[in-house]
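Bear in mind the structure is a predicted one, so any value in this text is a computation, not a measurement.
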Amino acid sequence: MTSLLDGTLDDIEDLPGFIQLPTGAYKVKLAEGFRNKIISEKAAIDLPMTVVEIIELGNPEQAPEVKVGDIATLAWMMDNETGKDFSKKQSDPSIRSDAKSYNEAMTTARGWMLSS
């Protein structure tokens, strides 16, 4: 067995990054769905998504490198009207129409695959 110290940095596989997705089209998985969170002592919602497929980058020359497996997260505060509106717009209309509560709508999104 070759010693790990005999290898190079190129021999080590890159782990998924935590990124902000550049403009483009992606297929993502919402493994955890929407999550309740506290940010700066205020109620918030976040939505982590894992890149499953890169369909198209808006401007490949200027876009940071995105890899399948990278994780991006949207987050918004729920203590103001802008945050509440953004949250509503991020919830798929079919989730909102079938759910009996906002919490149920957030839970329903777990494991979904989306393309945008």
Checklist outcome for this item: Nearest heavy-atom contact between Pro48 and Gly33 is CD-O, 3.6 Å
Checklist entry - Are the side chains of Val66 and Ile19 in touch, meaning some heavy atoms are under 4.5 Å apart? => result yes
Checklist entry - What heavy-atom pair brings Pro22 and Leu57 nearest, and what distance separates the two atoms? => result CG-CD2, 4.3 Å
Next on the checklist: Among residues at least two apart in sequence or on other chains, which ones pass salt bridge (Lys or Arg N to Asp or Glu O under 4.0 Å) with Glu41?
Outcome noted: none
Checklist entry - According to the salt bridge (charged side-chain N to carboxylate O under 4.0 Å, His left out) rule, which pairs have a member within residues 48-57, sequence neighbours left out? => result none
Next on the checklist: Measuring from atom CG of Leu30 to atom CZ of Arg35, what distance do you get when rounded to the nearest 0.5 angstrom?
Outcome noted: 11.5 Å
Checklist entry - Who pairs with Asp10 by side chain to side chain donor-acceptor pair (under 3.5 Å), at least two apart in sequence or on another chain? => result none
Item to check | Polar side-chain atom of Asp85 near backbone of Thr82 as donor-acceptor pair, under 3.5 Å | outcome: no
Checklist entry - Given a cutoff of under 4.5 Å between side-chain heavy atoms of I, L, V, M, F, W and Y, with clusters grown through shared members, what are the other residues clustered with Met77? => result Ile39
Next on the checklist: If I take atom OH from residue Tyr26 and atom CD1 from residue Ile54, how far apart are they, to the nearest 0.5 angstrom?
Outcome noted: 6.5 Å
Next on the checklist: Test of understanding: with side chain to side chain donor-acceptor pair (under 3.5 Å), list the residues that count as partners of Lys37, not counting sequence neighbours.
Outcome noted: Asp46
Next on the checklist: For Lys84, is the NZ atom crowded, meaning more than 12 foreign heavy atoms sit under 6.0 Å from it?
Outcome noted: yes
Checklist entry - For the atom pair CG (Leu74) and CG (Leu47), what is the distance rounded to the nearest 0.5 Å? => result 5.5 Å
Checklist entry - So, do Asn36 and Ile45 sit near enough that their side-chain heavy atoms are less than 4.5 Å apart? => result yes
Checklist entry - Do the side chains of Leu21 and Val51 get nearer than 4.5 Å, heavy atoms only? => result yes
Item to check | Pairwise distance OG1(Thr73) to CD(Glu32) - rounded to 0.5 angstrom | outcome: 8.5 Å
